[in-house]
Amino acid sequence: TELVRCTGVARTYGRGDAAVVAIHGLTATVRTGELIAVTGPSGSGKSTVLHLFAGLDSPTAGTITWPGLGGDPTGRPGAVGFVFQGPSLLAPLTAVENVALPMLLAGVTPAEAAARAATALGLVDAAALSQRLPEELSGGQAQRVAVARVLAARPALILADEPTGQLDATHRDQIITVLIETARHLGAALVVSTHDQRVATRLRRQWRIRDGRLCTDAGPAPVPTTD
Ligand code: ADP
Ligand code: ADP
């Protein structure tokens with residue numbers, strides 16, 4: 001199933017002499033079961049690509065469609081999970097409440113949301129942090145809780161923007177492993193942006209950004225899924 005299809009996509013910031021062409025000529029497809037690393041140095045356009053894939057940002061040229069997600073990314077509740085690069089937890093809610101909230105909004109029962117939140121926090125080694133407020137978490141701890149929030153919602157497409165940027169080596173490896181295992185378990189696609197080659201090599205496909213262009217690879221066959 002094609003989850004995201006980009007054709008001739010560009011994203012320009014600003015206008016006139018000040019215009020920055022972050023991405024241009026982006027033609028790419030993300031399919032069910034694919035595990036993709038988007039790599040490139042800081043400022044190369046990785047966040048822009050992930051925001052476009054998520055429908056959080058719109059192209060200034062070209063088209064993006066989400067055929068396998070009902071046409072648009074909001075077509076199915078919880079269809080797209082996004083791990084943001086910066087702080088994204090809601091300040092008045094504890095870690096476990098942050099993880100449960102998207103499920104509750106999507107109509108999951110409180111009992112199931114609580115169970116899935118506890119499982120997901122365990123997967124990211126954050127069970128002991130469940131009752132903490134975001135202000136009581138380190139950057140790395142908050143990043144792990146943000147990953148748990150996405151895993152628990154069981155999206156069809158997981159987009160993670162530098163999800164290991166604030167993590168030590170042990171948690172870096174653990175988080176990338178749990179993202180991969182969860183994507184396999186769900187039959188989801190996973191797209192991870194990173195400037196860290198140690199993270200990128202864990203994914204099956206490597207897409208490099210050079211001079212605002214995303215160089216996709218042919219890649220191995222996607223892992224079999226049940227859909
Ligand atoms: P990366 O994630 O690889 O660090 P980004 O996608 O954040 O790269 O940025 C790509 C380019 O677009 C950079 O030159 C950046 O300065 C520019 N850019 C990103 N967001 C904005 C914005 N909101 N306004 C202006 N320029 C931006
Ligand atoms: P189902 O919901 O399809 O009945 P479960 O959720 O009980 O299946 O999990 C089946 C298997 O997948 C178990 O071995 C479990 O440990 C593993 N698993 C469950 N959730 C995740 C996850 N988010 N990431 C990785 N493995 C998981």
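Indexing begins at 1, ligand by ligand and atom by atom, following the structure's order.
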Does atom NE2 of His51 have more than 12 heavy-atom neighbours from other groups under 6.0 Å away?
yes
Ligand-side contact atoms (ligand 1) for residue partner Pro41, heavy atom cut-off under 4.0 Å:
3 (O)
Please list, in number order, the atoms of ligand 1 under 4.0 Å from a heavy atom of Ser42.
4 (O)
For atom 21 (C) of ligand 1, decide whether some protein heavy-atom distance is shorter than 4.0 Å.
yes
Within the protein, is there a heavy atom lying under 4.0 Å from atom 16 (O) of ligand 1?
no
Quick one: look up the protein heavy atom nearest [atom] and list residue, atom name and how far away it is.
| atom | value |
| --- | --- |
| atom 13 (C) of ligand 1 | Gly43 O, 3.4 Å |
| atom 6 (O) of ligand 1 | Thr48 OG1, 2.6 Å |
| atom 27 (C) of ligand 1 | Tyr13 CD1, 3.3 Å |

Does one hydrophobic cluster hold both Ile64 and Leu50, with members joined at side-chain heavy-atom distances below 4.5 Å?
yes
Would a single hydrophobic cluster contain both Val145 and Leu101, if residues Ile, Leu, Val, Met, Phe, Trp and Tyr are joined by side-chain heavy-atom contacts under 4.5 Å?
no
Would you please determine whether Gly45 falls within less than 4.0 Å of ligand 1 on a heavy-atom basis?
yes
Here the pair of heavy atoms bringing Lys46 nearest to Val38 is CD-O, 3.5 Å
What I want to know is whether Asp161 and ligand 1 share at least one N or O pair that is separated by under 3.5 angstrom.
no
One should read off an interatomic distance between Arg116 CZ and Leu151 CG, to the nearest 0.5 angstrom, of 11.0 Å
Gln141 side chain reached by Arg132 side chain, heavy atoms, under 4.5 Å
yes
Sidechain-backbone polar pair: Asn98 side chain, Leu90 backbone, donor-acceptor under 3.5 Å:
yes
Given Gly14, Ser47, Ser44, which one has a non-hydrogen atom that is nearest to atom 2 (O) of ligand 1?
Ser47
